[in-house]
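Everything on this sheet refers to the single structure shown next.
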There are 2 protein chains.
Amino acid sequence: MNGAHALLDLYANLGVEVCFANPGTTELPLVEALGSVPGIHPFLGLAEGVIAGAADGYGRMAGLPAISILHLGPGLANSISNLHNARRARTPVINIVGDHASWHVQADPPLSSDVLGLAHAASDWVGSIQSPRSVLALGMEAFGEAISGNTATLVFPTDIQVADAVAAPMGLTAVPDRPVVRVTDSVLAALGRPKSALFLGGRALHGENLRLADAIATKTDSRLISETFAARSERGAGVPPTERLPYFPEQAMACLEDLDTLVLVGAPSPVAFFGYEGMASSLVPDWVAVHTLSTERDPGLALRALAVQVGVNAEARERDASVGPGPLPDGGLNVVSLGAALAATQEPDTILVDEAATSGLPYFLSSEGSPAFDHLMLTGGSLGFGLPAAVGAAIACPERPVVAFVADGSAMYTIQALWTMRRYLLNVTVVVASNELYRVLRIEGDRAGIEVDGVIDSMTDISGLSWTDLAKGMGVAGAKVATGPDFAEAMAHASSIEGPYLIEVPL
Amino acid sequence: MNGAHALLDLYANLGVEVCFANPGTTELPLVEALGSVPGIHPFLGLAEGVIAGAADGYGRMAGLPAISILHLGPGLANSISNLHNARRARTPVINIVGDHASWHVQADPPLSSDVLGLAHAASDWVGSIQSPRSVLALGMEAFGEAISGNTATLVFPTDIQVADAVAAPMGLTAVPDRPVVRVTDSVLAALGRPKSALFLGGRALHGENLRLADAIATKTDSRLISETFAARSERGAGVPPTERLPYFPEQAMACLEDLDTLVLVGAPSPVAFFGYEGMASSLVPDWVAVHTLSTERDPGLALRALAVQVGVNAEARERDASVGPGPLPDGGLNVVSLGAALAATQEPDTILVDEAATSGLPYFLSSEGSPAFDHLMLTGGSLGFGLPAAVGAAIACPERPVVAFVADGSAMYTIQALWTMRRYLLNVTVVVASNELYRVLRIEGDRAGIEVDGVIDSMTDISGLSWTDLAKGMGVAGAKVATGPDFAEAMAHASSIEGPYLIEVPL
């Protein structure tokens, strides 16, 4: 068994089931090894932004890492913008980057670059495999980092991939680093104060954790506030609702100004997305005391401990699941009615991957009554997340409907993802909000007092794209719709067919 | 005048004419400043791979840097794979990366990442602008690095972009670092030996430099060999021919085995692209003595000095310009006849950007007799170079025809470049060699003794793309052709219209 085979065998043994890859010559032994490790299913992407975004979407839904195979420094580099989002989401990620044969690097061949420098700049943890003996140890360490919510990158020279290595013993398991959970007196006291809120992020926003937080908040008469861009937020009818912290600092601070206490649960203390002159970085008013329940990737243990102290459990509070979304808009679609139309037509149990940027807020507001769904958002602000993450979510949950709700500007960064959707007949409906603008830049320019003159105008004008043609070019059928009923019909058609479908909505 | 304006003003003053940009919020003051610096023309790309590749193509043809405006760490990261090619080509490049307001970085906002770490891993030189006082000094330094053939990256926080700064004095000039040229006795003696060759790379492969090298080689009875992947190689009828060093090590070493002396002119000593077990990194046989005439970006001074010593000048040797390309193939197109068809139909003075990968060699062999042209190749092996570089070349030389000869696999990495071609009606004919494979991986797998079984097969199969539809999606007209005459007709049509045109050739 060679090093490549041993590493993949280890990961199969640890429960890894999926590999996203855009391999090159220096990763061929890894690709070959995939043929001998039937438990790991490979998926090809035609650009590395697709690989990293798919790994993010997969990891958010599966809770386990996929492995990503990337080609040398350039392949790693192309993945970094979506790795950034994954890091901010604390998604479990394992990258395996092939490198030149270790004896060849000194020759500085044309494709050689500072792989380790890039890896360190883009990862929480980096392992450089320098001998066959370290394959398993570094492989295990990478896995442990990943399931603790870190991005782990292994650099694996091709000569060591093909060198003889020892197979991993069967029946391995790994557990994330578990902190000692201490529900401090200060947190308990804080929740006893009149104007307290739990601030939820990461894994606190779905499943049992969300319900525990909801029960604790009810019992302690606290508000439940969620971070602005959540990795995975369970939402819709019957799901405990949270108040979403607004994006712009004025509104965010207004949201928090009535508080005297904020308890962080799986989220960092909120800060402004950008620095605005005359405003502080922190969104938390000075008079609000901030306490931390847990900053771990999974605040579940801490929430359970707190629930015991407070005397509630996850079933403590029933929520009405009978509310529905608003009606389908019957006229032409604009940014507001598109949100309502999507909320009115999405299927139960949808995974909604949201990179609709400035076109996203109306949908958020409309979808409170939609059938329960998972809402995956752009955690790191790095564009090109939506389409690839939908690929990953669909592979993690093949039985669930996936909607990629994307803006035209952001979708263009990783448009290649459509090909992967088609290749593997993934169950993804792509809804493109096409306003033909980098609209957020016009808004931000306006805020900064920059005149939207000729240059700003032309540099934010992205008109001239035909999304149904782009989709067709990658084998994906689609329709361009302008009204609510046509949109609903297209959504129904998308559900009825196998594989992906694209709906272009000019705004 | 604010810092952003001062920096762009400095560059306009130094002769910079073009800016490629995919800006975000933290670069808005730079975009605004473009409106006040009419000498610099901005071009928008919808993904940063387009920006970096366009800057590479532009710099290779213009000899001067464009500036690239990139958004924070993710924007820089997306540009790194094409920056890698530019570095290997020693193209002058200046990146300006916006950063968060300097006081905001400590808050670790969602879009914050290790910008400087990425910049250092991806650039030859990095300047971190920390106060308005350093804008001009660091700006000048970046320019000096760029025109010396380096990739310079400036990180420019948004608060310093808007801070008051001093304008640059008029009439600035900068010169690249010029080494003392010493034509050493050993180089002269080496060329006197019976089996010598000049090994040309970088700027030695076009213009006066190439003709000087040709004259020197003729006079000293030396061979003229060019590096495998040239930044800009002037070729075709009437141009001094060079022998191209083959890609695979066995063939490359066979090419060099009859030599006893190799003189490097603007190129590093050749090494294998990948490390193959049992073969050395160096492609130069042990018995060949290697001498260096110049490793500078522009070996012109060194070549002129050597020419004086040898007693020749650039006009020393007339070359026959009357040869033509071979005939247009009249049947169906395969990888060989496509090369012949392109060579037979390209217009005089074409800039041929070549990222045709395994489909490229037949064209290279066929194009020796084509009307004189510039051949821009993939210097760093990082895929996604071709379409963006064609954008840059067309902007540098609007009066010349540009052909982007790309393979389907490589073109997909930066397919967004088609949109930029259309937006600015660039005179680019895109020829897509569509074999629906990552064919090079099958060849390399074969060489490495890896069985092309199910997994390798499926992970190198990129079928399912329709290039004319992809082009249409970005507003670019095109045709799918299968025969020589149809190809010729499509090439003629492409020349007759304004703006880009795409020709898809299934292989």
Side-chain angles (χ1 to χ4, degrees), chain A residues 21 23 25 28 31-32 34-35 42 44 46-47 74 77-78 80-81 84 88 100-101 103-104 107 109-111 113-114 117-118 120-121 271-275 281-282 379-382 412-413 416 419 422-423 441 444-445 448 450 453-456 459 462 464-466 469-470 472-475, chain B residues 21 23 25 28 31-32 34-35 42 44 46-47 74 77-78 80-81 84 88 100-101 103-104 107 109-111 113-114 117-118 120-121 271-275 281-282 379-382 412-413 416 419 422-423 441 444-445 448 450 453-456 459 462 464-466 469-470 472-475:
Chain A
T25 297
L28 280 174
V31 180
E32 184 186 35
L34 284 167
L44 179 63
L46 300 189
N78 282 335
I80 289 175
S81 58
H84 173 80
R88 290 290 174 185
H100 284 294
W103 51 266
H104 190 50
L111 253 169
S113 63
D114 184 3
L118 290 172
H120 281 288
V271 300
F273 211 82
F274 293 111
S281 291
S282 173
T379 48
S382 177
M412 274 306 285
Y413 287 84
Q416 300 88 346
W419 181 89
R422 176 64 179 78
R423 160 61 57 95
L441 291 186
E444 294 280 7
I450 288 175
D453 68 346
V455 181
I456 300 270
M459 296 304 275
I462 64 164
L465 295 165
S466 163
D469 286 315
L470 287 171
K472 192 175 168 201
M474 291 187 248
Chain B
T25 297
L28 280 173
V31 180
E32 184 185 37
L34 283 167
L44 179 64
L46 299 189
N78 282 335
I80 289 175
S81 58
H84 172 79
R88 290 289 174 183
H100 284 295
W103 52 266
H104 190 50
L111 252 170
S113 64
D114 184 3
L118 290 172
H120 281 287
V271 300
F273 210 83
F274 293 111
S281 291
S282 173
T379 49
S382 177
M412 275 305 285
Y413 287 85
Q416 299 90 345
W419 181 88
R422 177 65 180 78
R423 160 60 56 97
L441 290 187
E444 293 279 9
I450 288 175
D453 68 346
V455 180
I456 300 272
M459 297 303 276
I462 63 164
L465 296 164
S466 162
D469 287 315
L470 287 171
K472 191 176 171 197
M474 292 186 246

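Computed from a predicted model, the values in this text were never measured in an experiment. Every chain is numbered from 1, with letters handed out A, B, ... down the list of sequences.
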Please identify, among [options], the residue contributing the most non-hydrogen atom pairs under 4.5 Å to chain B.
| options | answer |
| --- | --- |
| Gly35(A), Gly380(A), Ala47(A), Gly117(A) | Gly380(A) |
| Thr25(A), Leu118(A), Asp114(A), Thr379(A) | Thr25(A) |
| Glu444(A), His104(A), Glu32(A) | His104(A) |
| Pro110(A), Ala121(A), Gly275(A), Ser81(A) | Pro110(A) |

Determine whether [X] and [Y] make a side-chain contact, defined as any pair of heavy atoms from C-beta on separated by less than 4.5 Å.
| X | Y | answer |
| --- | --- | --- |
| Pro74(B) | Ser113(B) | yes |
| Pro109(A) | Phe274(B) | no |
| Leu465(A) | Leu46(B) | yes |
| Leu441(A) | Ile456(A) | no |

Given the options [options], which has more heavy-atom pairs under 4.5 Å with chain A than any of the others?
| options | value |
| --- | --- |
| His120(B), Met412(B), His100(B), His84(B) | His84(B) |
| Ala107(B), Ser281(B), Pro42(B), Pro23(B) | Ser281(B) |
| Ala77(B), Ala101(B), Gly475(B), Ala448(B) | Ala77(B) |
| Leu111(B), Leu470(B), Val455(B), Val31(B) | Leu111(B) |

* Is there a donor-acceptor contact under 3.5 Å from the side chain of Gln416(B) to the main chain of Tyr413(A)? ->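 At least one qualifying donor-acceptor pair exists.
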Go through the atoms of [X] and report whether side chain, backbone, both or neither lie under 4.5 Å from a heavy atom of chain A.
| X | answer |
| --- | --- |
| Arg422(B) | neither |
| Ser282(B) | neither |
| Ala21(B) | both |

* To do: Give, as side chain, backbone, both or neither, the part of Ala272(A) having an atom under 4.5 angstrom from any heavy atom of chain B.
  =>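 Contact with chain B is through both the backbone and side chain of Ala272(A).
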* Asked: Roughly how far apart are Ser382(B) OG and Asn78(A) CG, rounded to 0.5 Å?
  ->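 CG of Asn78(A) is found 6.0 Å from OG of Ser382(B).
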